[in-house]
2 protein chains.
Amino acid sequence: MKNLEGKAATIRDVARLSGVSVGTVSRSLNAPDTVRPDTLGKVRAAIKTLGFQPDARAQTMRRRTTMTVGFVIDDIANPWHASCFKAVDTEMRAHGYSLYLMSTNGRASQEAAAIDMLQHGRADGVILTLNNEQDSRTIARLKELRIPSVLLDRELPLEIDAVLTDHATGLRQATNYLIGLGHRRIAIITAGSDIRPGRERVRGFVEAFEQSGLPAPKDLIRSQSLSVDFGFREASALLQMHERPTAIIAAGNRILVGVLRAIQQQNVSIPRDLSLIACDRSDVALLYPGPITLIDRAVEEIGRTAAQLLLERLTGQSSRPAQRITFPTHLILGGSCLPAR
Amino acid sequence: MKNLEGKAATIRDVARLSGVSVGTVSRSLNAPDTVRPDTLGKVRAAIKTLGFQPDARAQTMRRRTTMTVGFVIDDIANPWHASCFKAVDTEMRAHGYSLYLMSTNGRASQEAAAIDMLQHGRADGVILTLNNEQDSRTIARLKELRIPSVLLDRELPLEIDAVLTDHATGLRQATNYLIGLGHRRIAIITAGSDIRPGRERVRGFVEAFEQSGLPAPKDLIRSQSLSVDFGFREASALLQMHERPTAIIAAGNRILVGVLRAIQQQNVSIPRDLSLIACDRSDVALLYPGPITLIDRAVEEIGRTAAQLLLERLTGQSSRPAQRITFPTHLILGGSCLPAR
DNA sequence: CACCGGAATAGAAACGTTTCCAACGTAGGC
DNA sequence: GCCTACGTTGGAAACGTTTCTATTCCGGTG
């Protein structure tokens, strides 16, 4: 609806039409119990005939709050991230917030740019997964950040809330399971040591061997990146080794896609020729001719928790110390592993 | 950086420190060529020492523009949507815009809510894919919408830009291909007639039979929803029919997941027992023990085009009539089809 | 009947920027 | 040397809300 000049009606138009002051109209909207019923009626009638809706820009300006939160990730085409986003979105939306989604495509520069963008009144908070825990630009910006933030699966020497996963235990269990099946040449392909999941997964992997009194197969640890390409490249190389691994742990859901591509290309049969364990459920992991044994975790809960941590800072006056919440993993047996021959 | 009161520096602080007026500071930022070099120097020095950054809330208020666009879809966990989002995001970000991502989870009420949310100064434009082209609430809101919008793969009797796909031709080609392989009992599982892809795909499917002078197998047309569950349910039913189809076209990438689940459960072998054609590339379609023959389309280009259409309205003064741009499909042969026995 | 207290309201300031208009100074042309 | 024109600047209005303070109005009480 428009006023006489053809522009959207403002609170002033409502005030004029209902014969009250702008202050009263504002209170009618935001604190209706402080305004007399008959006045409220007049105001509401005017609002209805004018089709008035408060202007979000002006509210943001005056209230100093945008009701918007940034969600910064590598790549939304990663199904784990997509699920996580959904969980965060559901929780935040229930509290009136909307989400900016920013894909950084694995580039630290875009990460820094995203944080810059979100500052200075564009968002009230951020939830983010860094590509790299060492990038100085990003860390510097995070330290100066004037809005609350939550890290997803990352660890920084800063006072920032974080939601983590106990990857080490997950990998230890998975590796133990394979060792129990008689496997010794077990390979792991995962992220580099520059992010927590990479470090923790390798740690769990090595610990499992140590606890069994076996030497960890150092030549089969491929820890560098979570990308499809890295998974493909390393799996291809592993499968062509002289003393080929009898099992591969594809620790990362994009890595899994690359690994499966290599497996397909080299005509390897799962689980006959090779046992396989994946991380995180995805269409591919659940379907690949038979469900793949995988290290699962509760994405929805993780996302919801991150949102709740942020909401505590956003809505509450709570300025508690930074909190780290760690979620467990669960080994889900599929059909992709057989005893070693 | 903060001013004396511990709050972020404003343009006024900069003006005071550099000894010029706020107007001049503003022009130094937005039209530096209209301010004398020495003045510019003083202002820039002040900006640097104060660490001043303009407040986005105030800019939004004054400029009447948010540099934000809404992207409304069903489900970001759908890989096609995720890819499309990325393309749109890349293009929009290059022009300074950020994206609100709103998942509607297939509910028309959330669709309407999303549009409401985006109005009245929260976004400058919208790109959206509706769950249903008939929902009156959504249509009413779209008609009243005061910001430009672009529809993705949907058709409405409104003056709205749209980016479409020539699904009919794609389906015709795919169906012809199967007919050429000797298949007659060909099933199609796809969206309902309430959205364009559903209508067009069924149309192309039927036309292929007509052109070959064959009767279209009406009992094998399952047109209702794009969900995984629908794909699973219909594929399960089709596979248990007395006169089972010899080929299935899973026309929708979520449908494909459901179909593959049913195939797995009933121990059907592709392509030996059943030929299969999918729509849109996805990890699953490319990997499923061997790439599946699929009807492809250029997601990135589609997303980019949608973004460009919106940008024309956003930046330009162009108020051209609504435009519809249609993209072709391409049949990509995989290994999931064999001649009918 | 005057006064008091509380609830309801009017009015204005404030949020931080952009932009418009007027004023100023300087250089160039006559 | 004066007038004009232009480039540069200062100052103020404006964007549409929320919120604070002051005022009004009412009923009830002394």
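A quick note: this is a predicted structure, and the numbers were derived from the prediction, not measured. In the text below, chain A, chain B and the rest are named by the order of the sequence lines, each starting its count at 1.
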May I ask you to verify whether the side chain of Arg62(A) and the base of dT17(D) hold a donor-acceptor pair under 3.5 Å? no

Starting at the 5' end of DNA chain D, which residue's closest nucleotide do you reach first, Val25(A) or Arg27(B)? Arg27(B)

Let me spell it out: for each of Asp33(B) and Gly23(A), pick the nucleotide of DNA chain D with the closest heavy atom. Which residue's pick is nearer the 5' end? Asp33(B)

To the nearest Å, how far apart are [X] [atom1] and [N] [atom2]?
X	N	atom1	atom2	answer
Arg36(B)	dT26(C)	CZ	C1'	10 Å
Ile11(B)	dC15(C)	CD1	C1'	14 Å
Ile47(A)	dT17(D)	CD1	C1'	13 Å

Would you say Thr24(B) places a side-chain N or O within less than 4.0 Å of OP1 or OP2 belonging to dG10(D)? yes

Any donor-acceptor pair under 3.5 Å linking the side-chain atoms of Thr34(B) with those of Arg27(B)? yes

Side chains of Cys84(B) and Leu152(B), heavy atoms from C-beta outward: is any pair under 4.5 Å? yes

Arg64(B) near the nucleic acid: base, sugar-phosphate alone, or nothing, with a heavy-atom cut-off under 4.0 Å? sugar-phosphate

Using a heavy-atom cut-off of 4.0 Å across all strands, would you classify Thr39(B) as base, sugar-phosphate, or nothing? sugar-phosphate

Could you tell me how the ring of Tyr100(B) sits relative to the ring of Tyr100(A): parallel (under 30°), tilted (30 to 60°) or perpendicular (over 60°)? parallel

